Amino acid sequence: FCAPFSNGIIDGVMINKSDILGYVADAAPENYNIFKSITMAASKKGYKLTDFRKVPFDGSAYSHGEGAIQNKTVKAYTFTVYAQGAGVDRLVDDLKNGRFVLVTRTENGQFEIIGKEAALLCTDHNRQPAGGENDGAWMVTLQCSELTTGNYLFDTDQATTLSTYQALTT
């Protein structure tokens with residue numbers, strides 16, 4: 001458990017939660033948090049998120065949350081929208097008013113499903129003027145609280161899982 005590892009996020013696929021019909025679970029009961037595929041409504045697809053800076057993304061955070069239901073895991077995902085204009089502002093409006101599931105692909109070969117139990121919701125969106133820290137781009141944070149620490153996409157082997165992941169955007 002002490003060996004160095006990297007789990008930075010390479011990219012992700014964002015899906016409107018209402019476009020998901022279900023999840024195909026792994027048959028083994030001990031793999032309660034592993035899903036072979038995500039079934040989406042006809043003609044629906046996810047949207048690829050990438051970090052155009054070509055730096056492994058590390059803007060997510062997990063933390064312990066307490067409340068009426070104990071021991072939830074709070075998950076936050078922050079990303080940048082590198083554009084400006086009326087169309088981009090409509091996109092940010094959709095993000096701040098939507099409910100999402102995000103599947104991330106990490107450097108260590110994992111595909112995590114975030115928002116499966118409780119949809120990701122926008123908790124922050126901000127933009128600094130051009131020349132600021134984000135060069136005028138929107139920073140958007142989506143967050144959810146889930147009972148399961150992590151849910152994962154995995155089917156048979158790495159190559160099959162990668163194909164399943166890529167199919168989410170077609």
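Basis for what follows: all heavy atoms, side chains included, without hydrogens, waters or symmetry-related copies. Quick caveat: nothing in here was measured; it's all calculated off a predicted structure.
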Query - Q143/V74 under side-chain contact (heavy atoms from CB on, under 4.5 Å): CA gap, chis, key distance, verdict - result: CA-CA 7 Å; Q143 183 173 313; V74 179; 3.3 Å; yes
Requested in this report: Let me see the working for F100 and L121 under side-chain contact (heavy atoms from CB on, under 4.5 Å), right down to the final yes or no.
Outcome: CA-CA 7 Å; F100 303 98; L121 304 172; over 6 Å; no
Query raised in the report: What's the verdict on side-chain contact (heavy atoms from CB on, under 4.5 Å) for I10 and T106, showing C-alpha distance, side-chain angles and the deciding distance?
Result: CA-CA 5 Å; I10 296 171; T106 65; 6.0 Å; no
Requested in this report: Run the numbers on L120 and R99 for side-chain contact (heavy atoms from CB on, under 4.5 Å), then give the verdict.
Outcome: CA-CA 6 Å; L120 284 159; R99 300 168 47 83; over 6 Å; no
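In this model, a donor atom of one side chain and an acceptor atom of the other lie less than 3.5 Å apart for T78 and T141. N16 and S18 are not linked by any side-chain donor-acceptor pair at a separation below 3.5 angstrom, with hydrogens and angles left out of the test. Judged by distance alone, the side chains of N33 and N31 never bring a donor and an acceptor atom under 3.5 Å apart.
L49 is connected to V88 through a chain of hydrophobic side-chain contacts under 4.5 Å among Ile, Leu, Val, Met, Phe, Trp and Tyr, so both are in one cluster. Both V101 and L153 are assigned to one and the same hydrophobic cluster, defined by single-linkage of ILVMFWY side chains at heavy-atom distances under 4.5 Å. Residue V92 is grouped with residue Y77 when hydrophobic side chains (ILVMFWY) are merged at heavy-atom distances under 4.5 angstrom, including chains of intermediate members. The cluster map of Ile, Leu, Val, Met, Phe, Trp and Tyr, joined by side-chain heavy atoms under 4.5 Å apart, puts I15 and L91 in different clusters. Linking ILVMFWY residues whenever their side-chain heavy atoms come closer than 4.5 Å, directly or via other members, places V13 and M40 in the same cluster.
Between C122 and V140 there is a side-chain heavy-atom pair separated by less than 4.5 Å. Annotation: side chain of R105 is not in contact with side chain of I9 (no heavy-atom distance under 4.5 Å).
The side chain to side chain contact (heavy atoms under 4.5 Å, CB included) with F35 is formed by just one residue from the set D26, V24, N151; it is N151. When each of D19, I20, L21, T164 is tested with I38 by the rule side chain to side chain contact (heavy atoms under 4.5 Å, CB included), just one qualifies, namely I20.
To the nearest 0.5 Å, the span separating CZ on F154 from CD on Q110 amounts to 8.5 Å. For the atom pair T39 OG1 and K44 NZ, the distance stands at 15.5 Å (nearest 0.5 Å). With values rounded to the nearest 0.5 angstrom, Q158 atom CD is found 12.0 Å from Y165 atom OH. In this structure, CG in D11 is found 13.5 Å from CZ in F79, a value given to the nearest 0.5 Å. Rounded to the nearest 0.5 angstrom, F111 CZ and L168 CG are separated by 10.0 Å. To the nearest 0.5 angstrom, C144 atom SG is 8.5 Å from E117 atom CD.
Closest heavy-atom contact between V81 and L95: CG2-CD1, 4.4 Å. A pairwise comparison of heavy atoms in K72 and S145 identifies CD-CB, 4.1 Å as the closest pair.
Of the possible polar contacts, one joining the T161 side chain to the D157 backbone as a donor-acceptor pair under 3.5 Å is found. With hydrogens and angles ignored, the 3.5 Å screen pairs a side-chain donor or acceptor of K17 with a backbone N or O of G115.
Remark: K45 NZ is loosely packed, at most 12 non-hydrogen atoms of other residues, nucleotides or ligands lying under 6.0 Å away.
Residues K75 and E146 are paired through a salt bridge, judged by an N-O separation under 4.0 Å between the basic side chain and the carboxylate.
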